[in-house]
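A quick write-up on the structure given underneath.
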Amino acid sequence: MKILVECMHRVRETKVLVVDPSNLNLDHLREVAKVIREGGLVVFPTETVYGLGADAFNREAVKRVYHVKGRPADNPLIVHISNIGQLEHVAETDYLTNDIYKIIEKFWPGPLTLIIPKSRRIPYEVTAGLNVVAVRMPAHPVAINLIELCETPIVGPSANPAGKPSPTSGEHVKRDMMGKVDVIIDSGETLYGVESTIIDFTREFPVLLRPGAIPVEEVERHLQKKIVIPDSARGLIEASEALSPGMKYRHYAPDTPLIILESKDYSDLKSYSEKVLEYVKNLKRSGKKIIVLASRETRDYYGEIDILLLGSRKNLFEVARNLFSVLRIIDELDVDLAVAEGFEERGLGLTIMNRLRKASGYNIVKID
Ligand code: TXA
Ligand code: MG
């Protein structure tokens, strides 16, 4: 009988609702909020990437989120709230420190997720059995109004099948989630194109679990405190299960193999791109079809070699924003291998390198 029920959840009629964020129709969003309150699944836009939303207090709906994403049950979900009053339903507010409130005041609503002690009301399905919960208040008008109308916090993992690049446009979510959820809200391209920054505030020192849309240096400046950056947050190794369970799975990966060509120093871009070119030419001699993920500053060095443009090294916001789209485009091309340039791990460069390294399955080549 249980199997039968699961099958019924697999194929659904999905309603697509196009919503212009600058001209919200609250009546439409009220209908969508009703779907969530009744235990349905809704793909919604945020300022980072699209999320797969469900009522955070509804265990069955939360379980369906894992099922639809194909997400392992030990990888917890972020809870999204729309006002500070909801925090006490989600977290154990007695244990929130001054640092946490300082962060909330400065960065919420926005792309910063906090790991804090969970309230008893949050089901363990949400936190995958952990006593801590990930919480954020998104800044996207559709997300915030939707949660407000739901009158309940909603879980929101990125709305991609587990392991694949996160969706940053309506086209992406329609491709990934059609027939699997009740409603898709299509609000076009998201602003940041990478997920929120996640910082764990339940340890002796704040620890960066995932670099994201807000550079970690900005948070450090505001707190006047160092944030620990483990190698896993740099995308060099998988996090230990204890730190953040989700980090151990392959993430953001195109089907096409991807290699990252890294240097210690990107100040001499001419000599760096010559090394990349040499590496790619060698591979091409073995008959491989290759695409290079390049930056605006280096593109002209590659001559006849095909490239996909990530953006300018002087505008890493642009590179981060394009990254997941570019990773998806690789699979639409007839190539055997993608080779990506590396970026300096400063500001959003850390976020970009985390995603690229993980997308490559740690397929990192040093070409110094
Ligand atoms: O920008 C974002 O954060 C997007 C949008 C939709 O809000 N959401 C998102 O969710 O990226 P997701 O599920 O794709 O990534 C959340 C990450 C996972 O790696 C998970 O392991 C980690 O957060 N996480 C969630 N709850 C946690 C917890 N209680 N402790 C440690 N890590 C947690
Ligand atoms: Mg994700």
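Just so you know, ligand 1 is whichever comes first in the structure, and atom 1 is the first atom listed for that ligand. Numbering of residues begins at 1 and proceeds along the displayed sequence.
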Exercise for the section: Please work out which of Arg71, Glu47, Arg210 has its closest non-hydrogen atom nearest to atom 18 (C) of ligand 1. Expected result: Arg71

Completion exercise
Within 4.0 Å of some non-hydrogen atom of Ile198, the atoms of ligand 1 are 17 (C), 23 (O)

Practice task
Provide the number and element of each atom of ligand 1 under 4.0 Å from a heavy atom of Gly51.
Solution key: 6 (C)

Handout entry: Any donor-acceptor N/O pair, Glu195 side chain to Ser158 backbone, under 3.5 Å
Key = no

Completion exercise
For Ser196, the atoms of ligand 1 under 4.0 Å from one of its heavy atoms are 1 (O), 2 (C), 3 (O)

Practice task
State, without any angle test, whether Thr168 and Glu189 hold a side-chain donor-acceptor pair at a distance under 3.5 Å.
Solution key: no

Problem - Interfacing atoms of ligand 1 (cut-off 4.0 Å, heavy-atom, Ala134) - result: 25 (C), 26 (N), 27 (C), 29 (N)

Handout entry: N-O pairing of Asp176 and Arg328 below 4.0 Å
Key = yes

Completion exercise
Minimal heavy-atom distance between Pro117 and Tyr95, with the atoms involved, is CG-CB, 3.9 Å

Problem - N or O contact, His80 vs ligand 1, cut-off under 3.5 Å - result: yes

Exercise for the section: Decide, yes or no, whether a salt bridge links Arg30 with Asp27 under the criterion of side-chain N to carboxylate O below 4.0 Å. Expected result: yes

Problem - Check ion pair Glu217-Arg346 (N to O, under 4.0 angstrom) - result: no

Problem - N/O separation below 3.5 Å, Ile78 to ligand 1 - result: no

Handout entry: Heavy-atom check, side chain of Thr190 versus side chain of Thr46, under 4.5 Å
Key = no

Problem - Atoms in ligand 1 flagged as close to Thr48, the criterion being non-hydrogen separation under 4.0 Å - result: 1 (O), 2 (C), 4 (C), 5 (C)

Problem - Test: Glu171 and Lys174 ion pair at under 4.0 Å - result: yes

Problem - Lys/Arg N to Asp/Glu carboxylate O, Glu31 vs Lys15, below 4.0 Å - result: no

Problem - Near the Mg ion (ligand 2) (under 2.8 Å) - protein N, O or S atoms - result: Ser158 OG

Problem - Close approach of Gly156 to ligand 1, heavy atoms, under 4.0 angstrom - result: yes

Handout entry: Pair Glu262 + Arg234, salt bridge at N-O below 4.0 Å
Key = no

Problem - N or O contact, Tyr50 vs ligand 1, cut-off under 3.5 Å - result: no

Practice task
Indicate yes or no: does Glu218 engage Lys106 in a salt bridge with an N to O separation below 4.0 Å.
Solution key: no

Exercise for the section: Look only at interatomic distance and state if Thr113 has a nitrogen or oxygen under 3.5 Å from any nitrogen or oxygen of ligand 1. Expected result: no

Handout entry: Proximal atoms of ligand 1 relative to Ile115 (non-hydrogen, under 4.0 Å)
Key = 27 (C), 28 (C), 30 (N), 31 (C), 32 (N), 33 (C)

Problem - Numbered atoms and elements of ligand 1 in range of Asn75, under 4.0 angstrom, heavy atoms - result: 18 (C), 20 (C), 21 (O)

Exercise for the section: Report yes if His251 has an N/O atom closer than 3.5 Å to an N/O atom of ligand 1; otherwise report no. Expected result: no

Handout entry: Leu130 neighbourhood, listing ligand 1 atoms whose heavy-atom distance to it stays under 4.0 Å
Key = 28 (C), 29 (N), 30 (N)

Practice task
Compute the minimum heavy-atom distance from Arg136 to ligand 1 and say whether it is under 4.0 Å.
Solution key: yes

Practice task
Inspect the contact between Glu105 and Lys102 and indicate whether a charged nitrogen and a carboxylate oxygen are less than 4.0 angstrom apart.
Solution key: no

Handout entry: Test: Lys264 and Asp368 ion pair at under 4.0 Å
Key = yes

Exercise for the section: Please examine the side chains of Arg296 and Leu309, heavy atoms only from C-beta on, and report whether any two atoms are closer than 4.5 Å. Expected result: yes

Problem - Heavy-atom nearest neighbour of atom 29 (N) of ligand 1 within options Val132, Thr127, Asn160 - result: Val132

